[in-house]
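Structure first, commentary second.
The chain is numbered in sequence order, starting from 1.
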Amino acid sequence: MAQTNDEQLLSNVFDVGVERLKLIGNHAQVLMQGYLSGGIEASALSEQALKKLINARVIYQPDDSHELKLRHPVTQLIAALVTDESRRQVNADIADKLQSIRGFVQGFREAQRSGDVIRADNQLQRTEEAVYDLTSQFEEAIFSLWHRLNSNFGFVSNLSDKIRENSRAQQQIRRLIEGLSLIDFDELIELAEGNPTLRKLLVTKLQAQINGHHGSLLEVQKRLVELMTRFREQQERSLLVTRMAGFLREHPGFTVGDYAYRSRVPTLINQATAIIPAAAVALDRRDQHTDIASMVHGLYKELAIRAKTNDADSNTQAVDNREQQQAVEARQQQLKHDAMQYFIAVCDSEAPLSALDYLYQQSLEWPAEAWLFQVIGEYNSLPRHEQKLFNIERSEQPLSRYNQVIVIEDITLSFNT
């Protein structure tokens, strides 16, 4: 079965690759013109061709105010084929792209100061292309990660391969998050220096796109956990069947007993519900009409009483729900207050202070797990310049040698004086 899935996957990749290479060849002139000019007019393509090229991830439109552009992998492919070293980037990482953006902005400033309008426009266009290349690199990486989760990750048959695929996906997510953390918007705001065009390009649009990438990575992590959980459930069922089959091989004469003849039936089997007999009113019997009429009147009275009782119960339940909600909010505020007191104690302490030690010293009633979650949440909610005032150390322990789950056992904070 695994070999059949691999052959089917290779066949699908082959068909998609051939189709998209033909699509690029059919529109080679328009794509090459877009490579040279930096953009593609929508009128140069038919509506059907435009839709196919966008779905094939050959071109994209940053927003409604910009023209169509080639995606970064297509641009790099053309640059490599025509040996255009001015636009080809080999093994470029995020730091190099950010350095290129800084250089283009500085060139734009120098051209503005010298009054060279043509060079300033050229540097601004190169800055815009560098920013789009930066965001498209993250977009392509996230798309590749989604493709891995929906293809290779789903066709793994044993636990070892599943753990390796999970580790690769987690490492790729970690690299993407580290790359996103290199983008310092405080520095980009300083680079813009009040220029509306640069500020819109380097701050407003870039921040919106980076936030979108963060959201996509969060969805990828949720999908990864969901797939791993589903695989665990399937593995549990498979293990149960395998062990039952092994037991039957060792005990070929085993037969399941008839639970109906046992005096003590297991709860799992004893699930029979009571039989409700069917009944109907005999309207054709005149001697019972008086009794039927009295029963109907009695039903109306009973329904009215039940309605009043339900209204009273609903009002009481609403009051109880409000009181419970207020109690929960009060406990949440108290937990937040205790966590802030812990941070204040860290600032006053000369030595690093453990979160669990503080919990036990102050005789707080919070569970250890909830307390650690609250401390981590309070630390992550601090602004970046305030987070730098603290050193955080996590005492971590793997949950099991068969998976990648890491359990945080304790947290130690120290204040940078």
Side-chain angles (χ1 to χ4, degrees), residues 93-95 98 138 163-164 166-190 207 210-211 213-222 224-225 228-229 327-417:
D93 57 6
I94 305 303
L98 292 174
F138 285 110
I163 292 176
R164 280 193 291 270
N166 183 48
S167 177
R168 291 172 188 170
Q170 292 288 356
Q171 289 176 0
Q172 187 172 357
I173 292 175
R174 191 178 299 111
R175 287 195 299 268
L176 290 174
I177 293 177
E178 291 174 355
L180 290 172
S181 64
L182 293 176
I183 302 175
D184 188 359
F185 285 99
D186 293 335
E187 179 187 1
L188 295 178
I189 291 173
E190 294 178 359
Q207 189 171 21
I210 295 302
N211 290 337
H213 294 328
H214 276 293
S216 299
L217 287 177
L218 180 60
E219 293 298 326
V220 169
Q221 287 182 320
K222 290 181 180 179
L224 190 63
V225 173
M228 200 68 186
T229 305
V328 170
E329 292 177 356
R331 284 182 59 84
Q332 290 177 348
Q333 292 297 326
Q334 183 62 37
L335 178 59
K336 182 178 179 65
H337 175 74
D338 292 341
M340 294 307 298
Q341 292 298 321
Y342 166 66
F343 277 87
I344 295 174
V346 170
C347 296
D348 296 336
S349 176
E350 296 180 356
L353 184 58
S354 168
L356 291 182
D357 291 345
Y358 179 85
L359 178 69
Y360 300 141
Q361 291 172 4
Q362 300 297 323
S363 300
L364 300 177
E365 60 179 3
W366 310 113
E369 184 177 1
W371 172 252
L372 292 179
F373 268 114
Q374 185 64 30
V375 171
I376 295 174
E378 293 296 334
Y379 175 80
N380 292 332
S381 64
L382 293 175
R384 185 179 299 178
H385 65 278
E386 293 184 7
Q387 289 182 0
K388 295 179 180 178
L389 299 176
F390 296 93
N391 289 329
I392 182 169
E393 295 182 1
R394 296 179 175 87
S395 176
E396 299 176 342
Q397 184 72 23
L399 181 62
S400 172
R401 61 191 293 264
Y402 299 106
N403 55 38
Q404 301 295 322
V405 178
I406 302 297
V407 177
I408 299 177
E409 297 181 343
D410 195 5
I411 293 174
T412 303
L413 281 179
S414 60
F415 184 69
N416 296 326
T417 56

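The 12-atom threshold is exceeded at CZ of Phe390, counting heavy atoms of other residues, nucleotides or ligands nearer than 6.0 Å.
Atoms CZ and CG, on Phe415 and Leu353 in that order, are 13.5 Å from each other to the nearest 0.5 Å. For the atom pair CG (Leu218) and CD1 (Ile177), the distance works out to 9.0 Å, reported to the nearest 0.5 Å. Put simply, CG on Leu372 and CZ on Arg394 are 11.0 Å apart, with the number rounded to the nearest 0.5 Å. With rounding to the nearest 0.5 Å, the separation of CG in Asp338 from CD in Gln374 is 9.0 Å. Here the CD1 atom belonging to Ile406 is positioned 8.0 Å from the CD atom belonging to Gln397, to the nearest 0.5 angstrom.
Contact detail for Leu413 and Phe343: the closest heavy-atom pair is CD1-CE2, 3.5 Å.
Between the Ser181 side chain and the Glu178 main chain, a donor and an acceptor come within less than 3.5 Å of each other. Counting only distance, with no hydrogens or angles, the side chain of Trp366 and the backbone of Leu335 share no donor-acceptor pair below 3.5 Å.
Counting heavy atoms from C-beta on, the side chains of Leu180 and Leu217 come closer than 4.5 Å. Taking the side chain as every heavy atom from C-beta outward, Ile408 and Ile376 approach each other to under 4.5 Å. Side-chain atoms of Val346 and Tyr358, non-hydrogen and from C-beta on, never get closer than 4.5 Å to each other. Using a 4.5 Å cut-off on side-chain heavy atoms (C-beta onward), Asp357 and Thr412 make no contact.
Note on residues 380-391: pairs passing side-chain hydrogen bond (donor to acceptor under 3.5 Å, both in side chains), not counting sequence neighbours, are Asn391-Asn416.
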